[in-house]
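Before I ask anything, let me first share the structure, which is written out below as structure tokens.
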Amino acid sequence: MRVYILLAHPSKISFNAALADAYEQQAKKLGHEVRRQNLGDMDFDPILWDGYKTPQELEPDLVKAQENILWCEKWVIFYPIWWGSVPALLKGFLDRAMQSGFAYKYHKFGPFWDKLLKGRSAHLITTCDAPSFWIWFMYRNSDVNLMKQATLKFCGFSPVKITRFDRIRSRSKKELEEFIDKVRNIA
């Protein structure tokens with residue numbers, strides 16, 4: 001299987017990075033083809049300065065991300081929940097890389113669209129300091145709504161799986177290692 005891993009935590013020394021590292025190592029060990037990008041290493045402007053009214057040229061790292069998305073059969077995205085949602089850099093990445101004509105295309109007349117990225121699956125692996133029920137109860141899983149429904153499924157990814165590791169800040173080293181082992185098993 002062709003797997004594209006996106007570490008959407010800006011830091012390569014985060015727990016998200018450790019999860020992504022474990023997934024990548026295990027996927028390669030199992031014979032999957034793997035490509036990976038770390039948002040924190042990528043050089044691009046995350047702001048759509050004129051919205052979608054005026055085309056904004058994609059930087060080489062975003063072009064490479066689009067190539068990886070088209071190449072992959074499975075896209076695995078690792079991110080933390082900050083302020084009830086995804087990190088700003090990930091949102092900027094989505095705004096810039098998942099453009100009309102690449103990820104979807106609205107019909108000329110009417111409210112419908114073509115999902116241009118069909119035939120791919122996705123897996124969201126997220127972390128948060130709050131308990132999972134709090135994210136669901138207080139924020140209505142706002143990150144999942146953004147990532148799964150409003151982005152990936154909108155563009156044709158199916159199925160989209162979610163694995164959430166909660167209460168990261170208060171977990172023991174042993175519990176964190178168990179989460180890393182769980183990610184190896186997912187790969």
Side-chain angles (χ1 to χ4, degrees), residues 1 3-30 32 34-42 44 46 61-62 65 68-69 72-98 120-155 157-187:
M1 178 177 287
V3 180
Y4 171 41
I5 296 171
L6 181 68
L7 172 59
H9 190 296
S11 173
K12 290 186 292 190
I13 57 170
S14 62
F15 185 64
N16 279 257
L19 293 172
D21 292 345
Y23 188 102
E24 179 180 14
Q25 291 163 4
Q26 186 67 10
K28 286 178 176 178
K29 183 178 177 183
L30 295 172
H32 298 293
V34 177
R35 293 182 183 176
R36 176 174 171 173
Q37 286 182 296
N38 301 324
L39 274 184
D41 294 338
M42 295 171 67
F44 68 96
D61 284 336
L62 291 180
N68 289 337
I69 292 166
C72 78
E73 296 169 287
K74 182 177 187 179
W75 189 8
V76 184
I77 305 171
F78 292 83
Y79 66 87
I81 297 174
W82 290 346
W83 295 103
S85 191
V86 300
L89 192 57
L90 175 55
K91 180 62 170 71
F93 171 87
L94 297 173
D95 289 346
R96 295 289 316 286
M98 304 295 279
R120 294 163 181 82
S121 65
H123 197 145
L124 305 173
I125 301 177
T126 77
T127 61
C128 58
D129 287 333
S132 291
F133 79 86
W134 186 262
I135 301 297
W136 174 84
F137 182 73
M138 290 302 293
Y139 307 128
R140 302 291 188 248
N141 277 336
S142 56
D143 67 303
V144 171
N145 290 325
L146 166 70
M147 294 299 298
K148 180 178 179 177
Q149 303 300 336
T151 304
L152 295 169
K153 284 195 164 194
F154 182 90
C155 298
F157 284 84
S158 182
V160 178
K161 296 181 179 178
I162 294 121
T163 301
R164 186 180 318 278
F165 297 108
D166 69 350
R167 298 180 290 131
I168 296 301
R169 187 169 46 93
S170 61
R171 297 284 185 176
S172 69
K173 185 173 180 163
K174 181 178 186 261
E175 289 173 310
L176 295 176
E177 282 297 325
E178 289 170 0
F179 289 165
I180 291 171
D181 286 340
K182 183 174 181 180
V183 164
R184 283 190 188 101
N185 290 332
I186 291 169

Heavy atoms only: give me the nearest Ala17-Arg36 pair and the separation to one decimal.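 Smallest interatomic distance, heavy atoms only, reads O-NH2, 4.1 Å.
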For a quick test of reading the model, state the closest non-hydrogen atom pair linking Met42 to Ala65 and the distance between them. CE-CB, 4.2 Å
CH2 (Trp134) with more than 12 external heavy atoms under 6.0 Å: no
List the steps, then state whether side chain to side chain contact (heavy atoms under 4.5 Å, CB included) holds for Leu30 with Met1. CA-CA 10 Å; Leu30 295 172; Met1 178 177 287; over 6 Å; no
Decide, yes or no, whether a salt bridge links Lys182 with Glu178 under the criterion of side-chain N to carboxylate O below 4.0 Å. no
Report the distance from atom NZ of Lys12 to atom CG of Asp21, rounding to the nearest 0.5 Å. 10.0 Å
So, do Arg164 and Cys128 sit near enough that their side-chain heavy atoms are less than 4.5 Å apart? yes
Separation of Lys161 NZ from Lys74 NZ (nearest 0.5 Å): 6.0 Å
For a quick test of reading the model, state the closest non-hydrogen atom pair linking Ala8 to Ile77 and the distance between them.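 That would be CB-CG2, 4.2 Å.
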What pairs with Asp95 under side-chain contact (heavy atoms from CB on, under 4.5 Å), at least two apart in sequence or on another chain?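 side-chain contact (heavy atoms from CB on, under 4.5 Å) check on Asp95 returns Leu48, Tyr52, Lys91.
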Taking the side chain as C-beta and beyond, is there a heavy-atom pair between Arg171 and Phe165 under 4.5 Å? no
Which pair of heavy atoms, one from Asp166 and one from Ala130, lies closest together, and at what distance?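 In terms of heavy atoms, the two residues are closest at CB-O, 3.2 Å.
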Is there a side-chain contact between Thr163 and Phe78, using heavy atoms and a 4.5 Å cut-off?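 No; the side chains remain at least 4.5 Å from each other.
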Reported OG-to-NZ distance for the pair Ser158 and Lys153, which is rounded to 0.5 angstrom: 5.5 Å
Distance from Ile69 atom CD1 to Leu6 atom CG, nearest 0.5 Å? 8.0 Å
Can you tell if the side chain of Ile135 reaches within under 4.5 Å of the side chain of Asp143, non-hydrogen atoms only?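 Ile135 vs Asp143: side chains touch.
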Residues Glu177 and Lys173 bridged, charged N to O under 4.0 Å: no
Grab the two heavy atoms, one from Leu146 and one from Ser85, that are nearest each other, plus how far apart they are.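 In this case the closest contact between Leu146 and Ser85 is CD2-OG, 4.1 Å.
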Would a 4.5 Å heavy-atom cut-off, applied to side chains only, mark Phe179 and Thr127 as touching? no
Close side-chain approach of Leu62 and Phe93, heavy atoms under 4.5 Å: yes
Between CZ on residue Arg184 and CD on residue Gln25, distance to nearest 0.5 Å: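 If we round to the nearest 0.5 Å, Arg184:CZ and Gln25:CD are 7.0 Å apart.
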Are any side-chain N or O atoms of Asp61 and backbone N or O atoms of Phe44, one a donor and one an acceptor, separated by less than 3.5 Å? no
Residue pair Phe157 / Ser121: nearest heavy atoms and the distance that separates them: CD2-O, 3.4 Å
From CG (Asn16) to CG (Asn38), nearest 0.5 Å: 11.0 Å
Step-by-step side chain to side chain contact (heavy atoms under 4.5 Å, CB included) determination, Met147 to Leu90: CA-CA 10 Å; Met147 294 299 298; Leu90 175 55; 3.9 Å; yes
Taking the side chain as C-beta and beyond, is there a heavy-atom pair between Ile180 and Phe15 under 4.5 Å?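 A side-chain contact under 4.5 Å exists here.
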Any non-hydrogen side-chain atom of Val144 less than 4.5 Å from a side-chain atom of Tyr139?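 Heavy-atom side-chain distance check fails, nothing below 4.5 Å.
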